[in-house]
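First up is the structure itself, then whatever we jot down about it.
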Amino acid sequence: MRAESHRGWEPIYRVVCRIPRRRVATYGQIARLAGLPGHARQVGYALHALPDGTSVPWHRVVKADGRISPRSATDWSFEQRRRLEAEGIAFDDTDRLDLARCRWRPRSTST
DNA sequence: TGCTTGACATAAT
DNA sequence: CATTATGCCAAGC
């Protein structure tokens, strides 16, 4: 944790950090859990502001389709997929992961 | 101080 | 199924 504690992204980083291994969440889901329903876009932007050696598991955040978001640098998108596969998450021929199976299901939005 | 951009989501075409 | 248009908020210039 360092620069990830910017300001308004704090609730977002907080939720992302709570994603357990072997599980992935969508931007919309993160936004909702962070208390910002409909602000999925801000979630993506928050992750974009993360530094390289961040403690936030940004690689566990994918799009609603289960595909990896096409960010500025394609190299990092591949890195994300690599990390997810390392956790045991498999991808389909369409570059999509089994959201129905890997979707993170938090019990409560606090504590 | 105000406009533009940006790791998205959803509905419509 | 792919593309287009709109909403949302914060950071950058």
Side-chain angles (χ1 to χ4, degrees):
Chain A
M1 308 230 176
R2 286 178 194 284
E4 50 265 82
S5 309
H6 270 281
R7 284 174 290 281
W9 306 137
E10 188 175 279
I12 296 178
Y13 298 139
R14 199 166 174 170
V15 174
V16 177
C17 287
R18 287 172 60 203
I19 303 177
R21 292 182 172 177
R22 283 287 199 131
R23 287 285 179 277
V24 295
T26 65
Y27 293 90
Q29 184 179 1
I30 297 290
R32 191 198 288 272
L33 293 172
L36 307 169
H39 303 158
R41 221 171 163 194
Q42 275 52 270
V43 176
Y45 197 60
L47 297 180
H48 170 63
L50 285 172
D52 283 3
T54 181
S55 54
V56 181
W58 53 271
H59 57 271
R60 293 187 193 141
V61 186
V62 297
K63 299 207 304 183
D65 291 345
R67 279 185 274 185
I68 298 176
S69 302
R71 63 196 166 311
S72 307
T74 311
D75 298 329
W76 285 94
S77 68
F78 190 78
E79 175 68 14
Q80 179 172 9
R81 174 173 173 167
R82 195 182 68 137
R83 291 193 181 193
L84 291 175
E85 291 181 318
E87 294 195 354
I89 299 175
F91 285 77
D92 293 351
D93 295 336
T94 56
D95 295 304
R96 296 196 304 188
L97 50 79
D98 211 330
L99 265 182
R101 212 175 52 160
C102 308
R103 185 94 108 90
W104 173 44
R105 305 164 187 166
R107 300 183 180 184
S108 56
T109 55
S110 290
T111 55

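Sequence lines set the chain letters: A, B, ... in the order given, protein chains first and strands last, and positions in each chain run from 1. Source: prediction; values computed, not measured.
- The interatomic distance linking A/H59 (NE2) with B/dA7 (C1') rounds to 14 Å, in whole Å.
- Using a 4.0 Å cut-off, no side-chain N or O of A/T26 falls inside it from OP1 or OP2 of B/dC8.
- A/H48 comes within 4.0 angstrom of a base, heavy atoms only.
- Among the nucleotides B/dA9, C/dA10, B/dA7, the one closest to any side-chain atom of A/Y45 is C/dA10.
- When rounded to the nearest whole Å, the span between CZ of A/R32 and P of B/dC8 equals 19 Å.
- Under a 3.5 Å cut-off, the side chain of A/E87 and the backbone N or O of A/R21 do not form any donor-acceptor pair.
- Salt bridge absent: A/K63 and A/D65 never bring a charged side-chain N and a carboxylate O closer than 4.0 Å.
- Protein atom CH2 of A/W9 is 15 Å distant from nucleotide atom P of C/dC8, rounded to whole Å.
- Set against B/dC8, B/dA7, C/dA10, the side chain of A/R41 has B/dC8 as its closest nucleotide.
- A/L84 contributes atom CG, which lies 10.0 Å from atom CD of A/E79 (distance to the nearest 0.5 angstrom).
- One atom, CZ of A/R60, and another, C1' of B/dA7, lie 17 Å apart when rounded to the nearest Å.
- Proximity note for A/H39 (side chain, C-beta onward) versus B/dC8, B/dA7, C/dC9: the nearest is C/dC9.
- Distance CG (A/L33) to P (B/dA9): 14 Å, rounded to an integer number of Å.
- Atom-to-atom distance recorded for A/I68:CD1 and A/T74:OG1 is 11.5 Å, nearest 0.5 angstrom.
- Comparing B/dA7, B/dC8, B/dT10 against the side chain of A/A64 picks out B/dT10 as the nearest.
- In terms of position on DNA chain C, the residue among A/R67 and A/A40 whose nearest nucleotide sits closer to the 5' end is A/R67.
- Rounding to whole angstrom units, NZ of residue A/K63 and C1' of C/dA2 are separated by 12 Å.
- Atom OH of A/Y27 sits about 5.5 Å away from atom CG of A/L47, to the nearest 0.5 Å.
- Rounded to whole Å, the distance from OH on A/Y13 to P on C/dA10 is 13 Å.
- Remark: C1' of B/dC8 and CD of A/Q80 are 13 Å apart, rounded to the nearest angstrom.
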